[in-house]
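These notes concern the structure reproduced below.
Scope of the values below: all heavy atoms of this structure, side chains included, with no hydrogens, waters or symmetry mates. What you are looking at is a predicted structure, and each value in this text was computed from that prediction instead of being measured.
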Amino acid sequence: MKIATRLKFAVMVPATMAFVVGVGLIFSYKMVQDAQEKDKAVQRIITGMNELGSLVSEYVFYHQERPLQQFLAEHDTIAGLIANVRFREKESQKLLEDIRRDMESMKGSFLKLVSNHDRYRSAEGYRFGQGNELFREVENRLVGRLLVWSRDVASDASILERRVDERLIATQRKINVLIVAIIVVATLSLTMILKAMTRNINRSLMTLRRGTEVVGAGDLDYKIKMSARDEIGELSRSFDHMTEQLQAVTVSKNTLQREIEERKKVEAALLEQREWLRVTLNSIGDAVMATDTEGRISFLNPVASALTGWPAQEAQGRPIQNVLRTVNELTGDPAEDIVKRVMADGRIVNMANHTALVRRDGSRIPIEDSAAPITDSAGALLGVVIVFHDVTEKRRAQEALRNSAEKLRIVADFTHDWEYWRSPDNRFLYVSPSCERITGYSPTEFVDDPELYARIIHVEDRQRVVEHMKGDLFHLDPCELEFRIIRRDGRECWISHVCRPVLDDQGNMLGRRASNRDVNDRKQAEADLQRAHEGLERKIAKRTAELEWRNRELQEFANVAAHDLQEPLRKIQVFGDLLQHEMSQNLSDSARDYLARMTGAATRMQELIKALLAYSRVSTKTNPFERVDLRHIAEKVVDDLAMSMEEKQPVVEIGDLPEIDADPVQISQLLQNLIVNAIRYKKQDQVPAVKISGRWVKQAGRKNKYVELRVQDNGIGFDMRYLDRIFLPFERLHGRGEYEGTGMGLAICRTIAQRHGGSITAESRPGEGATFIVTLPVRQAGEPKKSGELNLSPFSQETPTGKKK
Amino acid sequence: MGRFMIAMLIVVGFALPFISGCSGEKKQDASKKDEKVTITVTPWPGSAALYIAKEKGYFKDEGIEAILQSYRSGHLGLDAVLSKKADLAAVGDTPIARAAVHGHSMAVVITLCEIDRAVLIVARKDRGISSPGDLRGKKVGVVEGTTADFFLHILLTTSYVKPADVNIVHLATDDVVDALIRGDVDAVSTWFPNTVVATDALDDNGVVFDDPSIYKMTWNLVATKQFAESHPESIKRVLGAIVRANAFILKYPDEARAITAKMIGTESLYLDKEWEGYNFTAALNQSLIVNLEDQARWMIMKEPGRAGKTVNFMDFIYTDGLKAVLPEAVKVVRR
């Protein structure tokens, strides 16, 4: 919005305000005028009523014509006045209507009053006689009515007058408030408009001033770029246009300054580049020389200077041939002038091999060099640049390498095994001479015909070997293989093949290096050994079967013997008991003692026989291995022992125990024996405490996993020097009188452990309890070997029918 | 410019209340408790303000539970108030004057309306009656002691007919119309709706005499003096409701007529012509006192021994209530 427009708008606000105030004042004036007129009318009515009241009184007193006529005239005047007045408010208009109605009634009553008087004065009135009272009554009533009408009209008129005044005051108050509000609003709005305008104008002027200062300082590129659409905005745009015009005609100082700076920058860049080139050339490890188009030296770097023996300043400007003198290293003849050749051919030329540089002092250095033309951007020849370097060390390294390769070749050629190097594309890079001895074919034949290798492999092994050669070519691990070949002479020959990858310094695959050894003799020996082994096994199996048969016979015998032995023992016991019960009174003390000892010995004999039977059955009466929960078995054992061990009130703690492949009956027996021992060999006056725990263990040299079962007690313990004895049958460390038992429990445990492929041992100190450690495999492949590990039992085993043999 | 507009709006918003000024009805005082007030009404247009105040809930707004008891005529309602069966009675000026002359202490709290042609004389043409003078020697039925009785007297006297020359027959309110129709009387002095029923019944045989210049009836609300003095707050609240009802009548005459017709139990069209003669004043005018005195004199004159003694009717006007509600409506000169 333009400033002029804004100002107009700002001017309009007070103008509008003035207009509204004026309208308000006019309205107010009109209202006041109207109210004044109404007030005047009401005043007139009041005055008129007073007048009418007076006139009524006058007429009543004097009954004259004048008050009558005046009453009628005044009444008509007031009635006419009332008819011409209208109030907008309903209440006021109603009051006016009441006044009008009362005025009508008043006139009626007055006329009746006049008529009454006329009637009284006429003959009719006199004729009434006593009608005087009637006329008086009528007159009194009518006068009373007239007074009432007059009073009511006056009262209503007063109310009306008051309402007019109140309305006028209210209206004036409203108008005053309106005027004040308009003034306030207009003032505020005007103030805000002007304030905003002032701020905008100031801001624009500041921007303009800043722009003029910048441009005045010489920067013709500066643009004020004011977006305002007002006069100041137009001024700024005109200013910018003026600046552009000025810039177009006059060179801007800034532009000049910029051009100068640009040029300086370019020069500096050129200098920097030249210096970089000089440093680079001087830093290059090779010798660099440059000539002009006439072959005169224009540049010589320090390496060239050192190699040629010519300082740069001395060489500068000399013909190149004087400084760079080259000869054939072998013949000593002068080498080709490559500078001339470059100038003639206009392309890069390399020196011939075996070129030597003849230094200033006459010494010679083998060099490799090349020359190239120096051309400008148009392609015109500016000179020649020659680059060369000393290859003395390189020659020496090559010689050393050649010598080393030769040595390696001699080593490889004289290995006993057939060595070769196969490339990634399956060609033979090297084949040792031993291949001829092993295969009958020469190395050259393999190199020339890589497929020969596959062809000489025995047909039964060929696929395996070919697949190996294809699949394992890029395998990084060494691999071993054994296969047969058919020699040239048709004989089979076993080959032990080992190969591994060949990698360079960067890890790139260069092929595979293999070593093939003739193992025919070894194979033959292995076959002989295998045959001998098989024969031996046959013998062992036969022997084992015989032993098993004998074992069974012995176990049967033991079973029958134990059973036959038990019979007389039972009789001894029964008759002994009978004697004790029936004849004890008749026996002497010593006889009773002998009897008791006899029955006790018989009982012990029975127990021993039972224990031996149990021991024998460990190996003979077995169940197949199955998956058993050791914890479950331990809990069952403890539960079964609860009754028999109740007296001793042991505390048994069972830890987490795993599942293993085992004979559930025998494992149960093993745990029972160990727990019974732990409780039996308790300390005096101490509650026996047994702790059963297990853990996984790995045994060295064995693939299978093992479980270590531990049964720990707080009993009397034992001396570890008796460790081996306690697992032998019938071995006891304490007398029968101290602790009961047959001495077979631990032997049975050991047999069970061994049958499962495990072992049992113990740790203890006297008085500090004992820990029995049973190690069992987790998995069972089959029944463990019985020969060499089994204790052959003298007891027989039961036949399948249950009969003793 | 956006901020400018906002500022303008704020300023105008502040100014608006001053410009518009206060308006609207006054708030009702929520603290007023409902109080039971029994008011007797006569089912005719004069009771319009009471009907409207009840119908529009103005009594309720004032905390008054108004119970309107309907009576056939005002004097019966006044009897109910005097016998303490009601608190306020809507009644004409004649029964008030009679009760005052008979020594009852009352207080007129407001004149509900003034009626020009409240009472009419309805006569039978077939009895040779065509003007008030023809009533000489005729039987004229009227309810004794009512405004109709007073109006008959003043109409006769202003028509120069001695009341003694007319055979005045006192009738019960319900019998007035029937007596005229039956021919038991030659004319009756009565009020709406009897006037309408009688004129409709007589049709062309009927003639009506009235004279607004000789009498304007006031229809008033009256209580015993004891009640007015012991229940000034109740009086004020009742009057507040009546003043609002009067403003409603003025603003919505058609609806006021319809409500009144419904409450009376008649058709609204019957009230259309009647309504013109009713001036719903809601005031206390000097003319009330003049009326009461005029009628008291008539009673004393009519029955000197029986009527009682003259009274100062200034003592029968209770202005405190109306002064508190609408001071300008109190036009009675007080000492």
>> Check this for me: A/Arg229, atom CZ, are more than 12 non-hydrogen atoms of other residues, nucleotides or ligands nearer than 6.0 Å?
In response: no
>> Can you confirm if the NZ or CZ of A/Arg151 lies within 45° of the ring axis of A/Trp149 and under 6.0 Å from the centre of its six-membered ring?
In response: no
>> So, using side chain to side chain contact (heavy atoms under 4.5 Å, CB included) as the criterion, who are the partners of A/Gln93 when residues are at least two apart?
In response: A/Arg86, A/Phe87, A/Leu96, A/Glu97
>> Tell me which of these, A/Lys107, A/Arg101, A/Met106, has more heavy-atom pairs under 4.5 Å with chain B than the rest.
In response: A/Arg101
> When only pairs under 4.5 Å are counted, which of A/Ser109, A/Ser158, A/Gly144 shares the most heavy-atom pairs with chain B?
Replying inline: A/Ser109
Please flag which part of [X] lies under 4.5 Å from any non-hydrogen atom of chain B: side chain, backbone, both or neither.
{"X": "A/Lys90", "answer": "both"}
{"X": "A/Asp152", "answer": "side chain"}
{"X": "A/Glu91", "answer": "both"}

> If you tally heavy-atom pairs under 4.5 Å against chain A, which of B/Ile289, B/Ile214, B/Asn285 wins?
Replying inline: B/Ile214
> Name the one of A/Lys38, A/Arg163, A/Arg167 that satisfies salt bridge (charged side-chain N to carboxylate O under 4.0 Å, His left out) with A/Glu89?
Replying inline: A/Arg167
>> Sort by residue number and list every residue of residues 148-158 of chain B having at least one heavy atom under 4.5 Å from chain A.
In response: B/Phe150, B/His153, B/Ile154, B/Thr157, B/Thr158
> side chain to side chain contact (heavy atoms under 4.5 Å, CB included) with B/Glu114: which of B/Asn291, B/Asp93, B/Thr281, B/Leu288?
Replying inline: B/Thr281
> Can you tell if the side chain of B/Thr111 reaches within under 4.5 Å of the side chain of B/Thr218, non-hydrogen atoms only?
Replying inline: yes
> Is there a side-chain contact between B/Val243 and B/Tyr58, using heavy atoms and a 4.5 Å cut-off?
Replying inline: no
> B/Tyr252 vs B/Phe248 aromatic rings, parallel, tilted or perpendicular, using cut-offs 30° and 60°?
Replying inline: tilted
> Which of parallel (below 30°), tilted (30 to 60°) and perpendicular (above 60°) describes B/Tyr278 and B/Phe280?
Replying inline: parallel
